[in-house]
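Comments concern the structure below.
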Amino acid sequence: MLSELFAIFGNPVSHSKSPLMHNFAFYLLGYNGCYGRYLLEDGQRLRKTFLSLGLSGANITVPHKEAAFEACDWCDEFANKVKAVNTIVLRDGKLHGYNTDGPGFLKAIDSSTKTILLLGAGGTAMSTSILLREAGYRVAILNRTPERLVPFIQNGFECYDYETLPPNASFNLIANMTSAGLQDDNLPAPISILQPLINNAKSCIDVIYGKDTPFLKLAKQANKPTQDGSAMLLNQGVLAFDYFTDHKFTLDQIEQAMKKAFLL
Ligand code: NDP
């Protein structure tokens, strides 16, 4: 019997742990699937590439989540709300889109957190901000490019750029949701802005995983508890796998199998 094929699309994509996580889960749960990676430079080619590769499903990472939303024939309510897709499943020749990033982040953070500042205004910030607000958190967004804040302002979020952030701004949790630090040594905002924010915060999280980013290093220097994006990665992967395999396994079974990928 032929394997069902899955892949992650992104640019960059070589860093992604998703192939290891999903392949571990396919193997340990006895599901006939195989998961690879695809460096996609032009998001407009996502749909054509997905179909020509004969995939049954895919994950989408930076910077193609908005393009993935456009590429789908149908999206669930949450993906329609956030207009960003990180999981696609092929059903009856149609691309069905979901977003598991928001739920993955929500599960990863300490529920005693009340106020959160998201650094970045891309697809990840959009999906998490809406879910966090629905869960009762006060959420604000800080982004380098003011124009990118427009959809967040339209959604009623508290938004700042480097010029408008008040000097005494204070949040329990500062979350790096930019791609600064992913492939470079950049901080997600000027140090003069980050340092007081970190000092006023209880803890810091970077959604980038598997490395000590400049943002996490700065937070550690300020003696703040820190967390990378591994827990979010695992949580979003479990939910994506559940869609890929049409709810054949419990979330706990998937999580236990996928966790093994983090031992390597
Ligand atoms: P997008 O491309 O949609 O958005 C990128 C954001 O990063 C923009 O707000 C951009 O700001 C900002 N940015 C990029 N470089 C810099 C810089 N040097 N200084 C300041 N801001 C910068 O990305 P995504 O939202 O899809 O992903 C963001 C990050 O989240 C990636 O690193 C990705 O790997 C990670 N991620 C991790 C997950 C996990 O499971 N752990 C899940 C999902 C994402 P501007 O508008 O000014 O360009």
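Both counts, for ligands and for their atoms, begin at 1 and track the order of listing.
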For ligand 1, the portion of [X] having any non-hydrogen atom under 4.0 Å away:
X	answer
Lys65	side chain
Pro188	backbone
Phe105	neither
Thr178	both

Are [X] and [Y] side-chain neighbours, meaning at least one heavy-atom pair lies under 4.5 Å?
X	Y	answer
Arg133	Asn155	yes
Asn11	Val62	no
Ile88	Leu46	yes

### Query
Between Phe26 and Phe241, is the ring centre distance below 6.0 Å?
yes
Ion pair check, [X] and [Y], cut-off under 4.0 Å:
X	Y	value
Asp73	Arg91	no
Lys83	Glu70	no
Lys248	Asp242	no
Lys65	Asp101	yes

State the atoms of ligand 1, each with its element, that fall below the 4.0 Å cut-off from a heavy-atom position in [X].
X	value
Ile208	32 (O)
Gln236	40 (O)
Tyr162	20 (C)
Tyr209	41 (N)
Ala121	9 (O)
Gly120	9 (O)

At what distance is the nearest protein heavy atom to [atom], and which residue and atom is it?
atom	result
atom 42 (C) of ligand 1	Asp101 OD1, 3.5 Å
atom 45 (P) of ligand 1	Thr145 OG1, 3.3 Å
atom 27 (O) of ligand 1	Thr124 OG1, 3.2 Å
atom 19 (N) of ligand 1	Arg144 NH1, 3.5 Å
atom 37 (C) of ligand 1	Val207 O, 3.3 Å
atom 1 (P) of ligand 1	Arg148 NH2, 3.8 Å
atom 2 (O) of ligand 1	Val62 CG2, 3.5 Å
atom 46 (O) of ligand 1	Asn143 ND2, 2.9 Å

### Message
Please evaluate residues Phe244 and His22 with respect to the criterion ring pair (Phe, Tyr, Trp, His ring centres under 6.0 Å), reporting the C-alpha separation (whole Å), side-chain torsions for both, the decisive distance (0.1 Å), and the verdict.
### Response
CA-CA 10 Å; Phe244 292 157; His22 286 271; 5.4 Å; yes
### Message
If you count every heavy atom of other residues, nucleotides or ligands that lies below 6.0 Å from Tyr162 atom OH, does the total exceed 12?
### Response
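Yes, the 6.0 Å shell around OH holds more than 12 heavy atoms from other groups.
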### Message
Test your reading of the model: is there a side-chain donor-acceptor pair from Asp76 to the backbone of Ala79, 3.5 Å cut-off?
### Response
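The answer is yes, because a donor-acceptor pair under 3.5 Å joins these two groups.
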### Query
Does any N/O atom on Leu182 come nearer than 3.5 Å to any N/O atom on ligand 1?
no
### Message
Check this for me - ligand 1, Gly229, N or O atoms closer than 3.5 angstrom, yes or no?
### Response
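Right, the criterion is met.
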### Query
Does at least one non-hydrogen atom of Gly123 fall below 4.0 angstrom from an atom of ligand 1?
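Yes; Gly123 lies near enough to ligand 1 that a heavy-atom distance drops under 4.0 Å.
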### Task
Indicate the ring-plane relationship of Tyr35 and Phe6, choosing parallel, tilted or perpendicular according to the 30° and 60° boundaries.
parallel
### Task
Determine, stepwise, if the pair Ile208 / Asp228 fulfils side-chain contact (heavy atoms from CB on, under 4.5 Å).
CA-CA 6 Å; Ile208 295 170; Asp228 80 350; over 6 Å; no
